[in-house]
Amino acid sequence: MKQRTLGNSLSVSAIGLGCMGMSEFYGSHDDVASIATIHRALDLGCNFLDTADMYGPFRNEELVGRAIRGRRDEVVLATKFGNMRGDDGAFLGISGKPSYVREACDASLRRLGVDHIDLYYQHRVDRTTPIEDTVGAMADLVRAGKVRHLGLSEAAPQTIRRAHAVHPITALQTEYSLWSRDPEDEILPVVRELGIGFVAYSPIGRGFLSGRFKTIDDLEPTDYRRLSPRFQGENFARNLDLVRRIEEIAHAKGVTPAQLAIAWILSRGNDIVPIPGSRSIGHLEENIAAAEIELTSEDLARIDEVAPKGVASGERYPSASMAAVNA
């Protein structure tokens, strides 16, 4: 697996593995299959694993911890705090309070069964706590040896600047894909100016760009994507037309639509690392193979033609969740 560098010094595999769906949000899950998928990722050199305390809630960190036991040295481990949830799964709000930062980190270390976290993100920005206070507490974790690098997720440009002035931010994680190109306007220029790496989550559009979903009934009843505006009604139909055009380009290239979507992300710059999620070895291997795909200028021109900025129909999240991004 090729390597890329986030920030000035964090070397990771060019494609990471998002572990969220192994425990929640995407319908049913199988811990045995998920652990086998993580092991296969490590065997293939995909060493950048992404989780968060809220996934499960809490169960995903425990799952990842079991999977990497005995293989910790092979892993660049990223997790997140900030989205508070109760043991019953209830969402309790967002916190960046320094006391919560410390408590959340210690709890994540216990669940993961490790003595340090390689990349620790604030999952969502707490608008009621100055970012300087939150990052100051995160910097204390670095000094204590509990965390190696700091990150932010879905933060606004000025928030990124203020955070970076307190302690170097190694990576910003934000949704980025052929149907979510908003970061190109302001976010990518800012992180590149500051020397911050960019981690692209949902690079396959939560699976939609793979072409696997033809109707909403292809999603399990408990799949949270049913609540996403882009998966509903007329938006679904319009976005399906986009997928068909992407499929045409992919088939002409001799790759899958998912591979084309990931290869496009990789082509946007060596400072960008996509973290597609996968719950099966087959999909994992398909995604990782995208690292070897070379897109020509003609390929990129065709892709830009069918997937320009703003092409997707519908918001990325329901309105309540959209209020928490770009903070």
Does the pair Tyr120 and Leu77 meet the rule for a side chain to side chain contact (heavy atoms under 4.5 Å, CB included), with working shown?
CA-CA 9 Å; Tyr120 199 40; Leu77 182 59; over 6 Å; no
Under the salt bridge (Lys or Arg N to Asp or Glu O under 4.0 Å) test, which residues partner Glu74, sequence neighbours left out?
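Residues passing salt bridge (Lys or Arg N to Asp or Glu O under 4.0 Å) with Glu74: Arg71.
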I'd like to know whether [atom1] of [X] has more than 12 heavy-atom contacts from other residues, nucleotides or ligands below 6.0 angstrom.
X: Gln3; atom1: CD; answer: yes
X: Asn8; atom1: CG; answer: no
X: Arg148; atom1: CZ; answer: no

Check: [X]/[Y] side-chain N/O donor and acceptor closer than 3.5 Å:
X: Gln173; Y: Asp50; value: yes
X: Thr170; Y: His149; value: yes
X: Thr128; Y: Asp126; value: yes
X: Ser13; Y: Asn47; value: yes

Any side-chain heavy atom of [X] within less than 4.5 Å of one from [Y]?
X: Leu260; Y: Leu295; answer: yes
X: Ser210; Y: Thr256; answer: no
X: Ser153; Y: Thr174; answer: no
X: Leu141; Y: Ile117; answer: no
X: Val135; Y: Leu150; answer: yes
X: Arg316; Y: Trp179; answer: no
X: Ile272; Y: Leu188; answer: yes
X: Gln122; Y: Ile131; answer: yes

Look at the rings of Tyr100 and Phe81 and say which category their plane angle falls in: under 30° parallel, 30 to 60° tilted, over 60° perpendicular.
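Rings of Tyr100 and Phe81: tilted, 30 to 60°.
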Indicate the ring-plane relationship of Tyr176 and Phe198, choosing parallel, tilted or perpendicular according to the 30° and 60° boundaries.
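The rings of Tyr176 and Phe198 stand perpendicular, inter-plane angle above 60°.
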Shared-cluster residues of Met54, by chain and number - hydrophobic side chains joined below 4.5 Å:
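Under the 4.5 Å side-chain rule, Met54 groups with Leu6, Leu10, Val12, Met20, Phe25, Tyr26, Phe48, Tyr55, Val76, Phe91, Leu119, Tyr121, Val199, Tyr201, Tyr224, Val273, Ile275, Tyr317, Met322, Val325.
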By the rule that ILVMFWY residues connect when side-chain heavy atoms come within less than 4.5 angstrom, directly or transitively, which residues belong alongside Leu227?
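Via sub-4.5 Å side-chain contacts, Leu227 links to none.
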Using a strict threshold of under 4.0 Å (side-chain N to carboxylate O), is an ion pair present between [Y] and [X]?
X: Asp31; Y: Arg59; answer: no
X: Arg226; Y: Glu220; answer: no
X: Asp185; Y: Lys309; answer: yes
X: Glu175; Y: Arg206; answer: yes
X: Arg110; Y: Glu61; answer: no
X: Glu184; Y: Arg181; answer: yes
X: Asp106; Y: Lys146; answer: yes
X: Glu24; Y: Arg85; answer: yes
X: Asp30; Y: Arg279; answer: no
X: Asp299; Y: Arg302; answer: no

Can you list the steps and then say if Phe236 with Phe213 is a ring pair (Phe, Tyr, Trp, His ring centres under 6.0 Å)?
CA-CA 10 Å; Phe236 190 103; Phe213 307 125; 7.9 Å; no
Quick check: does any side chain N or O of [X] sit under 3.5 Å from a backbone N or O of [Y], one acting as donor and the other as acceptor?
X: Asp133; Y: Thr129; value: no
X: Asn60; Y: Gly56; value: no
X: Thr134; Y: Gly96; value: yes
X: Lys253; Y: Glu294; value: yes
X: Arg72; Y: Val75; value: yes

[X] [atom1] to [Y] [atom2] distance, which is reported to the nearest 0.5 Å:
X: Thr159; Y: Glu132; atom1: OG1; atom2: CD; result: 9.0 Å
X: Leu152; Y: His164; atom1: CG; atom2: NE2; result: 10.5 Å
X: Leu300; Y: Glu305; atom1: CG; atom2: CD; result: 13.0 Å
X: Thr79; Y: Leu49; atom1: OG1; atom2: CG; result: 11.0 Å
X: Ile169; Y: Arg162; atom1: CD1; atom2: CZ; result: 12.0 Å
X: Leu63; Y: Ser23; atom1: CG; atom2: OG; result: 5.0 Å

Begin with the C-alpha distance, continue with both residues' side-chain angles, and end with the deciding distance and a verdict on side chain to side chain contact (heavy atoms under 4.5 Å, CB included) for Val306 and Ile249.
CA-CA 9 Å; Val306 304; Ile249 298 173; 3.7 Å; yes
Working for side chain to side chain contact (heavy atoms under 4.5 Å, CB included), residues Ile303 and Leu178
CA-CA 8 Å; Ile303 292 170; Leu178 285 171; 3.4 Å; yes
Considering all heavy atoms, the nearest [X]-[Y] contact:
X: His116; Y: Gly145; result: CB-O, 3.5 Å
X: Ile288; Y: Cys46; result: CD1-CB, 3.6 Å
X: Pro276; Y: Ile204; result: CB-CD1, 4.0 Å
X: Ser177; Y: Ser202; result: CB-O, 3.5 Å
X: His167; Y: Ala139; result: CD2-CB, 3.6 Å
X: Lys97; Y: Ser95; result: N-OG, 3.3 Å

Do the side chains of [X] and [Y] join up, straight or via other hydrophobic residues, at under 4.5 Å, putting them in one cluster?
X: Ile68; Y: Phe58; answer: no
X: Ile281; Y: Leu42; answer: no
X: Met138; Y: Val114; answer: yes
X: Ile265; Y: Leu284; answer: yes

Residue among Glu234, Arg230, Gln232, Arg238 satisfying side chain to side chain contact (heavy atoms under 4.5 Å, CB included) with Ser313
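Answer to the side chain to side chain contact (heavy atoms under 4.5 Å, CB included) test with Ser313 among Glu234, Arg230, Gln232, Arg238: Arg238.
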Please report the C-alpha distance between Asp271 and Arg4 in whole Å, then the side-chain angles of each, then the deciding distance to 0.1 Å, and finally whether the side chain to side chain contact (heavy atoms under 4.5 Å, CB included) criterion is met.
CA-CA 7 Å; Asp271 55 346; Arg4 291 191 168 187; over 6 Å; no
